[in-house]
Amino acid sequence: MKLTGREKSSLILEGVITVILLILLNMAIIIIAQDIIQSNPGINNGIFMIKQSMRIGPMQTQIWSYQRILIAILIVIDIWVVWWRLRRRYHLYQMNHIIRELHYIAQGHLDHRIPFRLKGSEQHVITSVNALVDSAVQSMDDERKIEKSKDELITNVSHDLRTPLTSIIGYLGLIEDKQYRSEEDILKYTHIAYEKAKQMKNLVEDLFEYTKVQQHGSPVNIMKIDLNQLLEQLTASFELEAQHKGIEITSSVEPSPLMIEADPEKLGRVFSNLVANALKYGNGASYIRITARQERDRVVVKVSNDGTPIPAKSIDHLFERFYRAEGSRSRATGGTGLGLAIVKSIVDLHHGDVRATSNADETSFIVSLPLKQEQTEKKN
C-alpha cells in the first residue's frame, strides 16, 4: 500500500517532532542525573570506584564514563520510541485506507475488492473483508436464483395444471350442456376427462415428491439392502408394460448378492423413474437393460435402451426441473418433466451422482452410489 503525499509529509513531521521532544527529554534527564550525582558525594565516589575497578580488554582500558553509558541507553530508547511512533502512525494510515475502501464497497460497489496487500494482522482484516463481500454477493446471487426458480416453478406448475384442467372442464361442460349425440360420445368425453385428471394427479404427486426430496434435511431411512433383489422386483413390475410395447426388460448384478446402504423406497423410485422414462421416450426400443456392478467402494448402475437417441443439446439439461427433451410442452407422452429431477435429488441425498449418455446405438442413464453412507445419514 502506498501512502499519499500528505500522509508521507505528516509521517515525516511527526518523526521530526518526536526526535526534538526526545532530545529535549534526554537533555533534561542527563542534567537531572548530573545534579543528583554531584550533590551526593557518596554516589559520586561509588561511581568513581566502579570506574577504576572495571577495566576491559588486554590494554586494561577503563570503562566509559557514566554520562556516555547514560547517553547510549537514552539513544537506544529514543530509536525504539521513534520507530514505535512511526509504525503506529503508519498502521493508522493503513486502517484509514481500509475504512475508505469499506465505505466505497458499502455504497453499493459490490464488485470492488480491497486491492492492496499488507503485512501482519491488517492483511487478515483485508482477507476477511474481501471474503465477507464475496460471501454476501454469492448469497445475493443465490437468493436471486431461488426467487427466479420459485417464479419458474409457479409458472410451469400453473401451465401444466391449466392444460389438462381446461380439457377436463371443456369435455365435462359438453356433457353438462348435453352437447352429445349418443352414449358413445359421453363415454368418449368422460374417458378423455379421466385421462387428463390422471395427468394432473401424476403431476401433483411428482411435484410433492420433488419438493419433499429438495427440502433441507430431508429424512433418509438408510438400511442395508440387496441391490439384486431390488432390481429384480423392479423389472418384474415393468415386465407386462414392456411386453405390450415389444420391449425386453432385463437386469443383472455383479457380484450377486450386492449389498448397499441406502433408502430402499427412495432408491426404488430412482430406478423406477429411469425405467419409466425409457418406456415413455425410448421410441423404437427393443430392450431395456439394467446392469449393476461394484467398483471398489461404489456401485455403478446403468439403465440402457436402444430407442431414439437424445439430442446432444439436451443431455446437459435432462435433470433440470420441468425440462423435456422433445422440445415442446406436449402431453403426448404423459410426462411431467419432474421424473429425472427427482432422480437427481434422491441420488444427491445418497452422496452419489447421475449422468446420461446417448448415441445412435444406445441411450444410458448411469447412477454411481457409495456402498456405505455417512454415519450421520444413518441416524436420520
Side-chain angles (χ1 to χ4, degrees), residues 1-140:
M1 185 198 75
K2 293 183 178 180
L3 298 179
T4 63
R6 183 177 180 180
E7 289 172 340
K8 289 179 180 178
S9 300
S10 177
L11 200 62
I12 293 172
L13 180 61
E14 180 166 353
V16 172
I17 294 174
T18 302
V19 170
I20 293 173
L21 291 175
L22 287 173
I23 291 174
L24 295 176
L25 180 61
N26 292 343
M27 293 176 62
I29 292 174
I30 292 171
I31 292 172
I32 293 172
Q34 286 179 343
D35 287 344
I36 293 174
I37 292 171
Q38 290 175 1
S39 62
N40 194 326
I43 296 176
N44 197 4
N45 293 333
I47 291 174
F48 178 78
M49 292 176 63
I50 292 172
K51 185 171 67 172
Q52 291 295 324
S53 62
M54 293 183 65
R55 297 177 181 274
I56 300 173
M59 304 298 295
Q60 296 295 307
T61 306
Q62 288 185 351
I63 196 170
W64 290 352
S65 65
Y66 77 90
Q67 293 94 338
R68 292 180 179 179
I69 295 176
L70 180 60
I71 291 173
I73 294 173
L74 291 176
I75 288 174
V76 172
I77 294 174
D78 293 346
I79 292 173
W80 182 85
V81 170
V82 171
W83 175 85
W84 177 80
R85 288 281 299 173
L86 295 181
R87 182 175 175 81
R88 184 168 174 270
R89 177 63 64 177
Y90 181 68
H91 285 173
L92 181 61
Y93 289 149
Q94 288 179 334
M95 291 306 300
N96 288 337
H97 279 270
I98 294 174
I99 292 171
R100 281 198 294 269
E101 294 286 339
L102 282 173
H103 286 163
Y104 182 74
I105 295 173
Q107 290 171 0
H109 303 91
L110 297 180
D111 57 340
H112 180 73
R113 300 294 179 272
I114 300 178
F116 45 82
R117 295 188 63 83
L118 304 175
K119 294 181 180 179
S121 59
E122 288 82 2
Q123 181 58 42
H124 293 304
V125 173
I126 292 174
T127 303
S128 298
V129 168
N130 287 339
L132 180 61
V133 176
D134 288 337
S135 177
V137 171
Q138 183 63 44
S139 298
M140 293 170 64

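Values in this document were obtained by computation on a predicted structure and should not be read as measured data.
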Check: A131 main-chain N/O paired with S135 side-chain donor or acceptor under 3.5 Å: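 No, because the side chain of S135 does not come within donor-acceptor range (under 3.5 Å) of the backbone of A131.
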Can you tell me how far apart [atom1] ([X]) and [atom2] ([Y]) are? Round to the nearest 0.5 Å.
X: Y90; Y: K8; atom1: OH; atom2: NZ; value: 10.0 Å
X: L11; Y: R87; atom1: CG; atom2: CZ; value: 12.0 Å
X: H124; Y: T127; atom1: NE2; atom2: OG1; value: 7.5 Å

Less than 3.5 Å apart, which donor and acceptor atoms pair up between the side chains of residues 102-111 and the rest of the protein, not counting sequence neighbours?
residue	atom	partner	partner atom	Å
H109	ND1	Y104	O	2.9

H112: side-chain hydrogen bond (donor to acceptor under 3.5 Å, both in side chains) partners, not counting sequence neighbours: E101
Just list the side-chain donor-acceptor pairs under 3.5 Å for residues 14-31, sequence neighbours left out, or say none.
residue	atom	partner	partner atom	Å
E14	OE1	R89	NE	2.6
E14	OE1	R89	NH2	3.4
E14	OE2	R85	NH2	2.9
T18	OG1	E14	O	2.7
N26	ND2	L22	O	3.2
N26	ND2	D78	OD1	3.4
N26	ND2	D78	OD2	2.0

Test side chain to side chain contact (heavy atoms under 4.5 Å, CB included) applied to [X] - qualifying residues, sequence neighbours left out:
X: L132; answer: none
X: R100; answer: E7, N96, H97
X: I75; answer: I71, I79

